[in-house]
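Notes follow the structure.
Atoms considered below: every heavy atom in the structure, side chains included; atoms not considered: hydrogens, waters and symmetry mates. Note that the numbering runs from 1 along the sequence shown for the chain.
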Amino acid sequence: IRVGSSYNPEVILFGPDGSELARNTSSIIGIISATAPVTGTYTVLAGELFGHQTGGYGITAVGQENTTPLPYGIETEGAITVPGGEDVYSLPATTGDRLFIRMGGHYLPDPELELRSPTGTLLATNWSPGGYYKAELFVTALETGTYRVIARSHGISTHPYGIIAQ
């Protein structure tokens, strides 16, 4: 779960029984990474850390099942549409495959890529600070399966982008 805002976002995750499971605050992006321990309805509370600022924010929750296939060798168009938003792509790979992934956009000054293994382990991350407009990952697949590629802005930028895997 990511919450993006320029006003000290705070995000809290509550379980089906109402107990607090996780909390995060930040100056720009609040992030919680959690696995649901039981089936049920979870509640996310998003707000401003000090409780006195108002303004817009974006919130994104991503599960393993809601991904977009990322075909090899074909540029795919995407867009970060809310501050703190992210898109998740699925990419099949076989042990030993060399994966090259590039994300960039003319108006997205701080693109960030993250690659997760079929088991969810973070394998690599890269972001382009200060207006370089592209992020790249080059990784050798350590196991066969479906990898997840997360595309987002490192800050709270919202713009279209292109992404390609080779």
Side-chain angles (χ1 to χ4, degrees), residues 1-7 9-11 13 22 24-36 42 44 46 55-166:
I1 301 166
R2 286 174 52 98
V3 174
S5 168
S6 56
Y7 298 109
E10 178 176 46
V11 59
L13 177 64
N24 184 272
T25 59
S26 171
S27 60
I28 296 176
I29 301 287
I31 301 172
I32 292 178
S33 180
T35 301
Y42 289 74
V44 175
Y57 67 92
I59 186 166
T60 305
V62 177
Q64 291 187 349
E65 60 282 341
N66 54 343
T67 63
T68 301
L70 184 60
Y72 285 97
I74 299 172
E75 185 171 350
T76 300
E77 292 181 8
I80 305 302
T81 57
V82 297
E86 60 188 11
D87 294 328
V88 182
Y89 298 90
S90 55
L91 183 68
T94 303
T95 302
D97 283 354
R98 298 172 64 124
L99 308 175
F100 176 76
I101 303 152
R102 175 183 283 166
M103 171 198 182
H106 184 66
Y107 296 105
L108 187 65
D110 53 357
E112 181 176 14
L113 283 171
E114 182 178 290
L115 180 67
R116 294 200 171 258
S117 75
T119 60
T121 302
L122 177 62
L123 298 177
T125 186
N126 179 260
W127 72 283
S128 177
Y132 288 105
Y133 301 97
K134 70 178 179 180
E136 297 176 336
L137 296 176
F138 186 70
V139 177
T140 300
L142 301 176
E143 58 187 303
T144 298
T146 301
Y147 288 71
R148 283 189 300 145
V149 178
I150 295 95
R152 60 182 167 231
S153 163
H154 187 73
I156 57 173
S157 299
T158 59
H159 288 287
Y161 64 88
I163 185 168
I164 191 167
Q166 296 180 316

Flag side-chain contact, heavy atom, 4.5 Å: E143 against S117: yes
Nearest-0.5 Å distance, CD1 of residue I150 to CG of residue L122: 8.0 Å
Minimum heavy-atom distance between Y89 and P69, given as atom pair plus value: CD2-O, 4.4 Å
Atom of A135, atom of L113 and distance for their closest heavy-atom approach: O-CD1, 3.4 Å
Check: P92 main-chain N/O paired with Y72 side-chain donor or acceptor under 3.5 Å: yes
Set of residues satisfying side chain to side chain donor-acceptor pair (under 3.5 Å) with respect to T144, sequence neighbours excluded: T95
From CA spacing to verdict: side-chain contact (heavy atoms from CB on, under 4.5 Å), E114, R152: CA-CA 9 Å; E114 182 178 290; R152 60 182 167 231; 2.6 Å; yes
Closest contact, heavy atoms only, A79 versus Y161: N-CE2, 3.3 Å
Heavy-atom donor-acceptor pair, S90 side chain to Y147 backbone, under 3.5 Å: no
Spacing of L142 atom CG and D97 atom CG [to the nearest 0.5 Å]: 11.0 Å
E136 backbone acceptor or donor facing N126 side chain under 3.5 Å: yes
Contacts of T76 that satisfy side chain to side chain donor-acceptor pair (under 3.5 Å) - sequence neighbours left out: none
Euclidean distance, E75 CD relative to I164 CD1, rounded to 0.5 Å: 6.0 Å
side-chain contact (heavy atoms from CB on, under 4.5 Å) between I101 and L91, intermediate numbers included: CA-CA 10 Å; I101 303 152; L91 183 68; 4.1 Å; yes
Pairwise distance OG1(T119) to CZ(R148) - rounded to 0.5 angstrom: 9.5 Å
Partner residues of E10 under the salt bridge (charged side-chain N to carboxylate O under 4.0 Å, His left out) criterion, sequence neighbours left out: R23
Aromatic plane relationship, F138 with F100 - under 30° parallel, 30 to 60° tilted, over 60° perpendicular: tilted
Value rounded to 0.5 Å, distance of CD1 in I80 from CE in M103: 5.0 Å
Point-to-point distance, once rounded to the nearest 0.5 Å, from CZ of R98 to OG1 of T140: 5.0 Å
